[in-house]
Amino acid sequence: MPRTLITSALPYINGIKHLGNMVGSQLPADLHARYLRARGHEVMFICATDEHGTPAEIAAARAGQPVAEYCAEMWQVQKDLADGFRLSFDHFGRSSSPQNRRLTQHFAGRLDKAGLIEERSSRQVYSNADGRFLPDRYVEGTCPNCGYDRARGDQCENCTKQLDPTDLIEPRSAISGSTDLEVRETKHLFLLQSRLRGDLDAWIDRQTDWPVLTTSIAKKWLHDGDGLQDRGITRDLDWGVPVRKGDEPWPGMEGKVFYVWFDAPIEYIAATNEWADANGGDWERWWRTDKGADDVRYVQFMGKDNVPFHTLSFPATILGSGEPWKTVDYLKSFNYLNYDGGQFSTSQGRGVFMDQALEVLPADYWRWWLLSHVPESSDTEFTWEAFQTDVNKDLADVLGNFVSRVTKFCRSKFGEEVPAGGAWGPRETALAETLAIRLANYERHMDAIEIRKSAAELRSIWVAGNEYLQEAAPWATFKTDLETAAMQIRLGLNLVRLYAVLSAPFVPDAAATMLTAMRVEGADWPTDMAEALGALPAGHAFDVPDVMFAKITDERRADWAERFAGTRG
RNA sequence: GGCGGUGUAGCUCAGUUGGUUAGAGCAGCGGAAUCAUAAUCCGCGUGUCCGGGGUUCAAGUCCCUGCACCGCCA
């Protein structure tokens, strides 16, 4: 059985993600996972919250909670929302897990042994009032260049000049506002990525089937300017993985933690370990090529902003360890989803957030629209008008109405069981042939993770059912030839079953509704079209389902457009 | 400022290594049908492929340049 390991970029813990975040990682990853499971693959689908770092500490402080407690609560919130969107993770982990702490320390120890870690001293701003070192962006002050009084320590947003925190006039802590700051000498560990440049370059060169978006970003970072830079992998924080060399203490690094970008991707592995600990499975057969992972295909999903970390930093960690870990086989990256002429914005609360989306409509509406418009080759625009017309047309009119017209016609003319009699003619054979071709196209696009094309093909498959009904016109046939009408509607009911199976990766809830209505449990992916269209035999009882997709009215659309235009709340 | 991306029908987008009359869905117009969520099906598109140069027998597709919008800068 083919085995596929799928990871979605990890959502950061400090708040609820918006649809733009989800559409570029978790949602397409889920589509792929569901599809491959339906095709009989053994799938391990992993996601987790990325919990460490300063933003989490600050968010917790704002919420008046200890950071561990805050993260635990937010993890539950994100887990519930993932469930709400039917994201079918095999495990939704936490980068703060003991498994990740152990693995992160293990990798650091290995990298050190390989001579790839160096200690370097740097001068950093320390806030006495806050009792901590401040990352550059958390030092604010007046810009020496333009006089803007809210310049950040890394850059002035007003004049865009790059700054060092010590350049700022009257610097203060962005956390507490305290001006009681001093510059202290502190030591940090650096991962000597520059030494791995040749290995990484060769590794990237081998990925000939990756999207250009992915490899071009990696190449740029490898070759531009001075090339790949060594990277600080530790921070002076409390919240994080304590710096250790594997099981050993790291002299001089007491009280420091690994930088969030060092431990976060390791959580992909650790989350699988968490899964194994919780379910009694073997996680190493997914990750260690010396322990059975040789035949695993590993696919990652992420937005384009995450590509450098997954093509360079994380591979540097893995390759540098010198151990036989699995590296990514295919990296699917996405552009951005824009919201009504601008960007989705977490800080400004602009756009639709995961919790709000589920408040106004069921998951399938969002899944369908977002996946069929996923920003694969360029940025994509979300507008309420487009969302309304597309969803009403595709889901309510084309798919939902197909199910209604078939089941209701049958109930009124033949009763609630699959009618007997009649035999296929040329029209039915032609439909089966058309569907077989379209199914092959659908599979090809789904295999290649060409999501928009997959959605378009699936929609064509739905349309084919309406075309057939329109031409066959069982309501007319019924008046003159009862047997043929029975055959036609029997085929229609079988199409409902087929559509449930094929549509499940995109709209799992609607698919389940359709299968339940057809009184079918666990339908297999079709291999022979004619056979699949005869799966429901004469006499098989079914139920007429409720309207599957209520249409979005102009009033509701206008309402939402207004509600989500500005700030959350 | 540096780097990168985008600019194709009213809208959202496809357009493989340059090659026949530039495509899809939606919207719009006309028709058929009436089983169905006023739902379906069929037919209808001469769009300076952002502008300007250039390479070529041939460019939306390559090169240069200008403009506009956008992103990233650890």
Side-chain angles (χ1 to χ4, degrees), chain A residues 135-137 145 154-156 159-162 191 193 212-213 216-221 223-226 228-233 259-262 303-309 312-313 335-338 340-343 369 372-414 445 448 450 452-453 455-460 462-479 485 488-489 492 496 544-553:
Chain A
D136 291 355
R137 54 185 286 225
N145 191 45
D154 53 347
Q155 186 179 29
C156 173
C159 67
T160 73
K161 186 177 170 59
Q162 306 268 338
L191 175 59
Q193 296 186 132
V212 180
L213 180 67
S216 68
I217 291 174
K219 284 285 178 186
K220 174 177 170 285
W221 284 53
H223 299 296
D224 270 21
D226 302 328
L228 193 61
Q229 298 297 297
D230 296 335
R231 186 179 183 85
I233 57 165
Y259 178 45
V260 59
W261 259 114
F262 183 69
K304 59 186 171 188
D305 53 325
N306 265 328
V307 170
F309 298 102
L312 304 172
S313 306
N335 290 287
Y336 291 138
L337 181 69
N338 290 321
D340 227 0
Q343 287 182 56
W369 196 89
S372 61
H373 293 78
V374 66
E376 281 179 305
S377 55
S378 65
D379 291 357
T380 297
E381 190 78 15
F382 174 93
T383 66
W384 284 102
E385 289 78 7
F387 177 71
Q388 179 196 22
T389 55
D390 291 342
V391 157
N392 283 351
K393 186 73 181 170
D394 297 346
L395 296 182
D397 297 347
V398 175
L399 177 61
N401 182 55
F402 177 80
V403 174
S404 286
R405 65 195 299 207
V406 169
T407 53
K408 287 183 180 173
F409 180 79
C410 187
R411 178 173 63 184
S412 77
K413 305 299 184 193
F414 299 98
H445 291 138
E450 300 239 40
R452 297 175 74 126
K453 288 178 181 172
E457 199 61 44
L458 177 59
R459 188 185 186 284
S460 295
W462 297 340
V463 167
N466 281 312
E467 282 172 358
Y468 170 76
L469 276 193
Q470 207 62 32
E471 286 174 28
W475 48 89
T477 319
F478 180 77
K479 293 170 185 163
Q488 291 167 339
I489 214 64
V496 172
V544 175
D546 292 336
V547 166
M548 292 201 305
F549 298 101
K551 292 206 199 187
I552 299 168
T553 62

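Just so it is clear: chains get the letters A, B, ... in the order the sequence lines come, proteins before strands, and each one is counted from 1. For the numbers below, each heavy atom of this structure counts, side chains included, while hydrogens, waters and symmetry mates do not.
Per the geometry, CD1 belonging to I489(A) stands 17 Å off P belonging to U40(B), to the nearest Å. Rounded to an integer number of Å, the gap from L395(A) CG to A36(B) P is 21 Å. For N466(A) and A32(B), the CG to C1' distance is 15 Å, given to the nearest whole Å. Between the C1' atom of A36(B) and the CZ atom of F409(A) lies a distance of 11 Å, rounded to the nearest Å.
Comparing A74(B), U37(B), C26(B) by their closest approach to the side chain of K393(A) singles out C26(B). When distances run from any side-chain atom of V547(A) to the nucleotides U37(B), A33(B), A39(B), the shortest one goes to U37(B). Ranking A39(B), A32(B), U12(B) by closeness to the Q470(A) side chain, first place goes to A32(B). For E467(A), counting side-chain heavy atoms from C-beta on, the closest listed nucleotide (C42(B), A32(B), U37(B)) is C42(B). Side chain of K408(A), nearest nucleotide from A36(B), U12(B), C26(B): A36(B). The K551(A) side chain lies nearest to U37(B) when the options are C26(B), A74(B), U37(B).
With both ends at atom C1', the span from G51(B) to C67(B) equals 7 Å, rounded to whole Å. If you take atom P in U40(B) and the same atom in G25(B), they sit 14 Å apart, rounded to whole Å. With C1' as the reference atom, G2(B) and G18(B) are 32 Å apart, rounded to whole Å. For the P atoms, the distance from G4(B) to C44(B) is 45 Å, rounded to whole Å.
The base-pairing partner of U40(B), taking Watson-Crick or G-U wobble contacts with both distances under 3.5 Å, is A32(B).
In this structure, W475(A) forms an aromatic stack with the base of C35(B), since both conditions hold: centre separation below 5.5 Å and plane angle below 30°.
The closest donor-acceptor contact from the side chain of T477(A) to the backbone of A472(A) lies under 3.5 Å.
For U12(B), the base has no donor-acceptor partner in the side chain of E381(A) [N/O atoms by modelled type, under 3.5 angstrom].
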